[in-house]
Structures are given as structure tokens and as C-alpha cells.
Amino acid sequence: QVQLVESGGGSVQAGGSLTLSCAASGYPPGRYCMGWFRQAPGKEREGVAAIFRGGVSTYYADSVKGRFTISQDNTKNTFYLQMNNVKPEDTAMYYCAAQRLWAYVCSTLSPRDYNYWGQGTQVTVSS
């Protein structure tokens with residue numbers, strides 16, 4: 001059973017930066033896509049970014065391209081979301097998730113395609 005634990009959330013002013021971390025463990029053998037998602041109050045959960053575990057393939061939502069960067073440290077089984085130039089509309093609960101894959105690239109940011117989820121970490125951006 002994959003276990004995911006997020007950290008690094010907090011409050012930040014617009015234009016600032018924040019880095020989220022997700023510590024992952026318990027992977028059954030196989031290929032995985034690791035993703036970041038967010039959900040604001042009253043809105044549906046949406047995909048932000050994804051990265052192929054152990055690889056370099058990444059995938060971003062248009063709303064964060066050029067501002068957010070997903071990365072991973074395979075030695076620590078941890079992946080990250082570097083958030084730069086944040087905006088008030090980035091305020092949300094952020095979740096990390098894992099998708100069991102048969103392919104070698106991440107191709108979806110649809111929450112329903114991800115099998116394992118963390119508990120979330122809150123990010124609040126003030127103007």
C-alpha cells in the first residue's frame with residue numbers, strides 16, 4: 001500500500017515562493033506517476049503537475065506552467081512542488097497522489113486516474 005505524506009504548506013504573500021514535499025513509501029512493484037493536485041473551497045479537485053517516478057517526464061496544468069516545478073529525489077523517495085510567483089488563486093489544499101502506470105510517461109492530471117492519496121497540506125496566498 002502506497003503511503004504519501006505532504007508537508008511544506010503555509011501562508012505566503014502573492015509573488016512569493018513555497019516548496020511542498022511529499023514523502024512516499026510502500027510501493028508495490030511497478031511504474032508510477034506522481035502528481036500534485038489542489039482543491040479550493042467550493043471547487044473540484046484539479047491536477048497541477050505530475051512526474052514519472054524515477055524518470056524525467058513531467059506534465060503541467062496550463063494554469064501553473066512557468067511558475068510551478070515538480071521534481072523528485074529518488075534517494076529519499078520524496079517529490080516536490082516548487083511554487084514561484086504564487087497568486088491568490090493558488091490558495092487551496094494541496095494533495096500528492098500516485099497513479100499505477102503501464103506506460104512510461106505521465107499523461108493525465110485527472111484525479112480519478114490516481115490510486116493513492118495523501119492527506120493534504122494547506123497553501124494560503126494573500127494579496
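- In terms of modelled atom types and a separation under 3.5 Å, the side chain of Q72 and the main chain of G54 share a donor-acceptor contact.
- The two atoms that bring N85 and S17 nearest to each other are N-OG, 4.3 Å, heavy atoms only.
- The main-chain N or O of G9 is found under 3.5 Å from a side-chain atom of T121 such that the two form a donor-acceptor pair.
- Cation-pi geometry between R31 and Y104 is met: under 6.0 angstrom from the ring centre, within 45 degrees of the axis.
- Considering only heavy atoms from C-beta on, E46 comes within 4.5 Å of R38 through its side chain.
- Between W36 and F79, a ring centre-to-centre spacing shorter than 6.0 Å is recorded.
- Counting heavy atoms from C-beta outward, F37 and M93 have side chains that stay 4.5 Å or more apart.
- Without hydrogens or angle criteria, T75 side chain to D73 main chain gives no donor-acceptor distance under 3.5 Å.
- M83 is not listed as a side-chain neighbour of V64, based on a closest heavy-atom distance of 4.5 Å or more.
- Counting heavy atoms from C-beta on, the side chains of V123 and L18 come closer than 4.5 Å.
- Between the Y60 side chain and the I70 main chain, a donor and an acceptor come within less than 3.5 Å of each other.
- K65 has a carboxylate O that lies under 4.0 Å from a charged side-chain N of D62, or vice versa, which qualifies the two as a salt bridge.
- Minimum heavy-atom separation, S57 to C106: OG-N, 3.8 Å.
- For the residue pair T19 and Q82, a side-chain donor N or O sits within less than 3.5 Å of a side-chain acceptor on the partner.
- Closest of all the heavy-atom pairs between V86 and F68 is CG1-CE1, 4.3 Å.
- To the nearest 0.5 Å, atom OG of residue S71 and atom CG of residue L81 are 8.5 Å apart.
- With contacts defined as side-chain heavy-atom distances shorter than 4.5 Å, the pair M34/L4 qualifies.
- When all heavy atoms of A40 and A92 are compared, the pair lying nearest together is N-CB, 3.8 Å.
- Under the 4.5 Å side-chain criterion, counting only non-hydrogen atoms from C-beta, T124 is not in contact with V12.
- Between Y116 and Y32, the ring-plane angle classifies as tilted under the 30° and 60° cut-offs.
- Under a cutoff of 6.0 Å and an axis angle of 45°, R53 and Y27 form a cation-pi pair.
- Of the possible polar contacts, one joining the T91 side chain to the V125 backbone as a donor-acceptor pair under 3.5 Å is found.
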(request) Begin from the C-alpha positions of L109 and Y59 and carry the test side-chain contact (heavy atoms from CB on, under 4.5 Å) through to its verdict. (result) CA-CA 8 Å; L109 285 173; Y59 193 61; 3.5 Å; yes

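- With values rounded to the nearest 0.5 angstrom, C96 atom SG is found 3.5 Å from E6 atom CD.
- Side-chain contact between Y114 and C33 is present, with heavy atoms from C-beta onward closer than 4.5 Å.
- I51 and Y80 fall into different hydrophobic clusters, where Ile, Leu, Val, Met, Phe, Trp and Tyr are joined by side-chain heavy atoms under 4.5 Å apart, directly or via other members.
- Annotation: side chain of Q99 is not in contact with side chain of S107 (no heavy-atom distance under 4.5 Å).
- The backbone N or O of E44 sits nowhere less than 3.5 Å from a side-chain atom of Q39 that would complete a donor-acceptor pair.
- Taking both residues in full, the closest heavy atoms of A14 and S127 are given as CB-CA, 4.2 Å, listed atom of the first, atom of the second, then distance.
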(request) Verify side-chain contact (heavy atoms from CB on, under 4.5 Å) between Y94 and L20, making sure each step is shown before the conclusion. (result) CA-CA 9 Å; Y94 282 73; L20 306 182; 3.6 Å; yes

